[in-house]
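Everything on this sheet refers to the single structure shown next.
Ligands are counted one by one from 1 in listed order, and the atoms in each one are counted from 1 as well. Being a predicted model, the structure only gives us computed values, none of them experimental. Only heavy atoms go into these numbers, but all of them, side chains included; no hydrogens, no water, no symmetry mates.
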Amino acid sequence: QHANAMEHAQEHASTLDDQRIEVVANIGSVTEAFDAIAQGGEGVGLLRTEFLYLERTTPPSEAEQAANYCAIAKTLGPKNILVLRTLDVGGDKPLAYLPLPAEENPYLGIRGIRLLAVEPEILRTQIRAALQAASFTRLHLMFPMVATLEELREARKLVEEEKKQLGSHMPVNVGLMIEVPSAALMAEKFAKEADFFSIGTNDLTQYTLAMDRGHPKLAASADAFHPSVLQLIAITTAGAHKHGKWVGICGGMASDPLAVPLLIGLGVDELSVSIPSIATTKALIRKLSKAECEKLARHALGMETASEVRELFNGFLAHKS
Ligand code: PEP
Ligand code: MG
């Protein structure tokens, strides 16, 4: 079955009723960019840039970052997309050289984009480095953990300022992760001021159900298939599409075959998956009809538990293969 999936791996994937779904990869290094393309990825839907910052005693310089981002961008090339996520540390992922005070509730503390308020230079340096990759690929900058419109505006302002400083006229799209319930609920407002969204179902599930995503005893209940999370995804795609913006999914849910028809039915335009899931995800998309997925998704949105939703899609996929 794997050989079968690999056969058309380099071609675009569309549903039976001709809805193109972009399949891209989550990566965290330069070598993974090669692998993503080799496996048929149409680019990168989430570059976790933390790999450059962790396990060291000083922050990476602008030149070091630029070298890495440009190497990844050149590997992807001008036709493919690179969604570069700015540094998502703080809270549970402390950095030795960042003097952030210890927090009582790290998951609710200075995380992701909130770094902008306390250590703006770190973000400015990263954005200057990232902008240098714009001439090699379809560069998209993405901010993590955005909860309010003010945060997005601040971040956009910073991008504009650094672009001006660099004298860069290259187009760069600016978007945000939808991984805080407030951002999902306000998606229609965000869509007026962002070029794209990517839903981080790992954190969105954690913050919607108020269950630690890594807690071993809660793992079974902290389920992205919960109808509350699905409703937030539906609000996000509706808000984005109202303003002609696209929505990706970069949480682990996108790599789960059971979720693929559900997410397509909820209106998602792009799936960013783990590298080994690229070919199988494309093969699955080609067997689905978007209209049928929409019908199933509407049904799922009205359900009461995550298990009911899982049962619905287990039954559906059992008839597909
Ligand atoms: C997410 O939260 O779903 C996500 C993709 O980001 P991370 O797993 O890096 O927090
Ligand atoms: Mg996240």
Side-chain angles (χ1 to χ4, degrees), residues 22-29 32 36 41 43-55 81-95 105-116 123 126 140-148 151-152 155 175-184 187 190 194 196-215 218-219 222-226 228-230 232-233 236-237 246-256 259-260 262-263 266 268-275 277-278 281 306:
E22 256 191 328
V23 181
V24 290
N26 290 355
I27 69 164
S29 70
E32 283 179 345
V44 167
L46 170 62
L47 170 61
R48 288 187 168 104
T49 57
E50 292 78 58
F51 76 99
L52 283 170
Y53 291 83
L54 300 171
E55 286 162 39
I81 188 170
L82 169 59
V83 180
L84 186 154
R85 181 177 73 182
T86 61
L87 187 59
D88 186 20
V89 290
D92 62 318
K93 301 177 220 164
L95 293 180
N105 288 301
Y107 278 124
L108 305 179
I110 306 297
R111 284 197 63 186
I113 193 62
R114 296 172 192 172
L115 203 57
L116 188 55
L123 224 50
Q126 182 174 37
H140 288 60
L141 292 180
M142 176 162 80
F143 297 104
M145 288 299 298
V146 174
T148 69
E151 288 170 337
L152 177 65
L176 65 144
M177 291 201 59
I178 301 289
E179 52 184 350
V180 179
S182 63
F190 276 100
F196 69 96
F197 295 153
S198 188
I199 303 177
T201 49
N202 308 335
D203 278 311
L204 186 61
T205 305
Q206 157 167 275
Y207 291 117
T208 302
L209 294 168
M211 291 180 189
D212 183 335
R213 62 191 259 183
H215 197 301
L218 297 175
D223 190 343
F225 283 71
H226 193 274
S228 61
V229 179
L230 306 185
L232 290 174
I233 296 174
T236 302
T237 56
W246 61 267
V247 181
I249 295 260
C250 61
M253 187 185 199
S255 302
D256 180 353
V260 170
L262 173 57
L263 295 172
L266 290 171
V268 165
D269 307 286
E270 176 236 55
L271 298 170
S272 192
V273 303
S274 65
I275 294 167
S277 302
I278 295 170
T281 303

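- Atoms of ligand 1 lying under 4.0 Å from at least one heavy atom of Leu46, given by number and element, are 5 (C).
- By the 30° and 60° cut-offs, the orientation of the rings of Phe190 relative to Phe197 is perpendicular.
- Defined by atom type and a distance below 3.5 Å, a donor-acceptor pair is missing between the side-chain atoms of Thr208 and Thr205.
- Near Arg85, meaning under 4.0 Å from any of its heavy atoms, are these atoms of ligand 1: 6 (O), 7 (P), 9 (O).
- Looking at Glu179, its N, O or S atom nearest to the Mg ion (ligand 2) turns out to be OE1.
- No donor-acceptor pair closer than 3.5 Å links the side chain of Asn105 to the backbone N or O of Tyr107.
- Using a 4.0 Å cutoff on heavy atoms, Met253 does not count as a contact of ligand 1.
- Side-chain atoms of Thr49 come within 3.5 Å of backbone atoms of Arg85 as a donor-acceptor pair (strictly under, hydrogens ignored).
- Distances below 4.0 Å separate heavy atoms of Asp203 from the following atoms of ligand 1: 1 (C), 2 (O), 3 (O), 10 (O).
- Residue contacts with ligand 1, taken as heavy atom pairs separated by less than 4.0 Å, do not involve Met145 at all.
- For ligand 1, the atoms sitting less than 4.0 Å from at least one non-hydrogen atom of Glu179 are 1 (C), 2 (O), 6 (O), numbered in the order shown with element in parentheses.
- By heavy-atom distance, the residue among Arg111, Glu50, Gln206, Arg213 lying nearest atom 8 (O) of ligand 1 is Arg213.
- Residue Cys250 approaches ligand 1 through these ligand atoms, each under 4.0 Å from one of its heavy atoms: 5 (C).
- Side chain of Ser272 to backbone of Ile249: no donor-acceptor contact under 3.5 angstrom is found.
- The atom of Asp203 that is an N, O or S and sits closest to the Mg ion (ligand 2) is OD2.
- Contact atoms of ligand 1 toward Met177: 4 (C), 5 (C), 6 (O) (distance under 4.0 Å to a heavy atom of the residue).
- Gln206 places a side-chain N or O within donor-acceptor distance of the main-chain N or O of Arg213, the cut-off being under 3.5 Å.
- Proximity of a side-chain donor or acceptor of Glu32 to a complementary backbone N or O of Gly28 within less than 3.5 Å is detected.
- Here the side chains of Met253 and Phe225 are in contact, with some heavy-atom distance below 4.5 Å.
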